[in-house]
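One structure below.
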Amino acid sequence: MDERVKKFWKRLSFTLCAAGMIIWLFAWSIEYEYIETLPRSPNPSIGRVYDYNYHGIVLWRSRAEKRTVDSLEYLSVFLFFGGALIAVLKCKVPLTVERPRTHD
């Protein structure tokens, strides 16, 4: 493979993985904010009827809030594993790491 092409795939792989991690951190920060602000009981009048159990704390979200966090999480996983797949298939990054042999 041409060196320029290989460099392109490496950069693309890194960019996708980094974008996936950044988006996942952003989704996590939104969830953290929800823990502090969302009600602990349903409120059908404003659409907060979707329960969300976060480590034993039940929060009630609206459909838009649920869709936003779910979409960000799915996108982050897709980007991260897409970048990892490119690294394995195109850049020939090994899936395992060889351990150095120790002499007795």
Side-chain angles (χ1 to χ4, degrees):
M1 183 182 317
D2 185 337
E3 194 61 36
R4 287 179 46 216
V5 174
K6 190 171 184 177
K7 187 182 257 189
F8 165 78
W9 286 116
K10 280 185 178 182
R11 286 182 179 168
L12 180 64
S13 171
F14 177 79
T15 302
L16 290 176
C17 288
M21 290 299 295
I22 290 168
I23 292 171
W24 178 79
L25 288 171
F26 181 66
W28 180 79
S29 72
I30 291 173
E31 283 186 354
Y32 186 75
E33 181 68 26
Y34 283 173
I35 293 168
E36 301 294 323
T37 59
L38 289 181
R40 304 294 197 255
S41 59
N43 190 344
S45 65
I46 58 173
R48 290 216 164 103
V49 294
Y50 296 94
D51 65 328
Y52 176 62
N53 188 341
Y54 186 80
H55 299 287
I57 301 170
V58 179
L59 308 169
W60 295 88
R61 305 184 289 185
S62 68
R63 177 181 232 165
E65 291 164 339
K66 179 182 181 337
R67 193 176 329 141
T68 298
V69 173
D70 289 348
S71 298
L72 287 172
E73 288 176 347
Y74 293 141
L75 177 62
S76 69
V77 168
F78 176 76
L79 289 174
F80 183 82
F81 285 111
L85 187 63
I86 288 172
V88 169
L89 296 179
K90 293 291 187 177
C91 303
K92 307 296 186 211
V93 173
L95 292 174
T96 59
V97 177
E98 289 186 28
R99 294 186 178 157
R101 295 182 182 227
T102 58
H103 296 6
D104 294 329

ask   = Does atom CZ of Arg4 have more than 12 heavy-atom neighbours from other groups under 6.0 Å away?
value = no

task = Mind checking the NZ-CG spacing from Lys90 to Leu85? Nearest 0.5 Å is all I need.
result = 10.5 Å

request  = Would you kindly say whether Glu65 and Tyr52 are connected by a side-chain donor-acceptor distance under 3.5 Å?
outcome  = no

query = Just how far is it from atom CG of Leu72 to atom CD1 of Ile30, taken to the nearest 0.5 Å?
reply = 5.0 Å

key: Candidate pair Phe14 and Cys17, rule side-chain contact (heavy atoms from CB on, under 4.5 Å), full reasoning   = CA-CA 5 Å; Phe14 177 79; Cys17 288; 5.9 Å; no

ask   = CG of Leu59 to CD of Glu36: how many Å apart, nearest 0.5 Å?
value = 10.0 Å

query = Once you round to the nearest 0.5 Å, how far does CE of Met21 lie from CD1 of Ile23?
reply = 11.5 Å

note = OH (Tyr50) and CG (Asp70) are apart, to the nearest 0.5 Å, by 11.0 Å

request  = Report whether Ile46 and Leu38 are members of the same hydrophobic cluster (ILVMFWY, side-chain heavy atoms less than 4.5 Å apart, transitive linking).
outcome  = no

query = Between the main-chain N or O of Gly83 and the side-chain N or O of Ser13, is there a donor-acceptor pair closer than 3.5 Å?
reply = yes

message = Assigning hydrophobic clusters by single linkage (Ile, Leu, Val, Met, Phe, Trp, Tyr; side-chain heavy-atom cutoff under 4.5 Å), is Phe81 placed with Val88?
response = no

request  = Measure the spacing between CG of Leu79 and CH2 of Trp24 and express it to the nearest 0.5 Å.
outcome  = 14.5 Å

key: Taking every non-hydrogen atom, the tightest pair across Cys91 and Lys6   = O-CE, 4.1 Å

message = Walk me through whether Val5 and Trp9 qualify under side-chain contact (heavy atoms from CB on, under 4.5 Å).
response = CA-CA 6 Å; Val5 174; Trp9 286 116; 3.5 Å; yes

ask   = What heavy-atom pair brings Val69 and Glu31 nearest, and what distance separates the two atoms?
value = CG1-OE2, 3.3 Å

Shared hydrophobic cluster, Phe80 / Val77 (ILVMFWY, side-chain heavy atoms < 4.5 Å) = yes

query = Considering all heavy atoms of both residues, which atom of Leu16 and which atom of Gly82 are nearest to each other, and what is their separation?
reply = CD1-C, 4.4 Å

request  = Determine yes or no for a side-chain-to-main-chain donor-acceptor pair under 3.5 angstrom, with Arg63 supplying the side chain and Arg61 the backbone.
outcome  = no

Cluster overlap Leu25 with Phe78, hydrophobic side-chain contacts below 4.5 Å = no

